[in-house]
Amino acid sequence: MARSPAQFVREVRQEMRRVIWPTRREVILSTVMVTIFVTITALFLTLTDQIVSTAIQALIGLGAL
């Protein structure tokens, strides 16, 4: 079905009117929650990497003796 560009624009405008936009407070809360989650995840992965790295270093060191 080929549609005219004008009809497409009208349909897009109709759909945009149906969108429920978040409030400023919702956006701020979501941003803060995502930032906290990303920070916690980064700390967890850093700690896990350090532990695994230390364990591998110890295993390699034991094998060299």
Side-chain angles (χ1 to χ4, degrees):
M1 271 205 258
R3 294 187 180 146
S4 70
Q7 183 180 1
F8 175 76
V9 170
R10 280 192 300 274
E11 290 175 4
V12 168
R13 285 185 178 178
Q14 287 175 351
E15 287 297 321
M16 291 300 287
R17 286 187 196 114
R18 295 180 191 165
V19 173
I20 299 173
W21 297 100
T23 63
R24 182 178 183 90
R25 179 186 162 112
E26 290 171 337
V27 171
I28 291 170
L29 278 173
S30 296
T31 302
V32 169
M33 289 174 63
V34 167
T35 303
I36 290 170
F37 182 74
V38 166
T39 302
I40 290 170
T41 303
L43 290 172
F44 171 76
L45 291 174
T46 300
L47 180 63
T48 303
D49 181 55
Q50 290 297 318
I51 291 170
V52 170
S53 177
T54 302
I56 290 174
Q57 292 279 338
L59 287 173
I60 290 172
L62 287 176
L65 294 175

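Small disclaimer: the values here were computed from a predicted structure and weren't measured.
- Sorted by first then second residue, the salt bridge (charged side-chain N to carboxylate O under 4.0 Å, His left out) pairs that include residues 20-33, not counting sequence neighbours, number zero.
- Put simply, Ile51 and Leu59 are part of two different groups of oily side chains (I, L, V, M, F, W, Y) that touch within less than 4.5 Å, one to the next.
- Under a hydrophobic clustering in which Ile, Leu, Val, Met, Phe, Trp and Tyr are joined whenever their side-chain heavy atoms come within less than 4.5 Å, directly or via other members, Phe8 and Met16 fall into the same cluster.
- With rounding to the nearest 0.5 Å, the separation of CZ in Arg10 from CD in Gln14 is 8.5 Å.
- The shortest non-hydrogen separation linking Val27 to Thr31 is O-OG1, 2.8 Å.
- Among Leu43, Ile36, Thr41, the single residue meeting the side-chain contact (heavy atoms from CB on, under 4.5 Å) criterion with Thr39 is Leu43.
- Criterion: ILVMFWY side-chain heavy atoms under 4.5 Å apart, direct or through other members. Under it, Phe44 and Val52 are not part of a common hydrophobic cluster.
- Residues Ile28 and Phe37 do not share a hydrophobic cluster, clusters being chains of Ile/Leu/Val/Met/Phe/Trp/Tyr side chains in contact below 4.5 Å.
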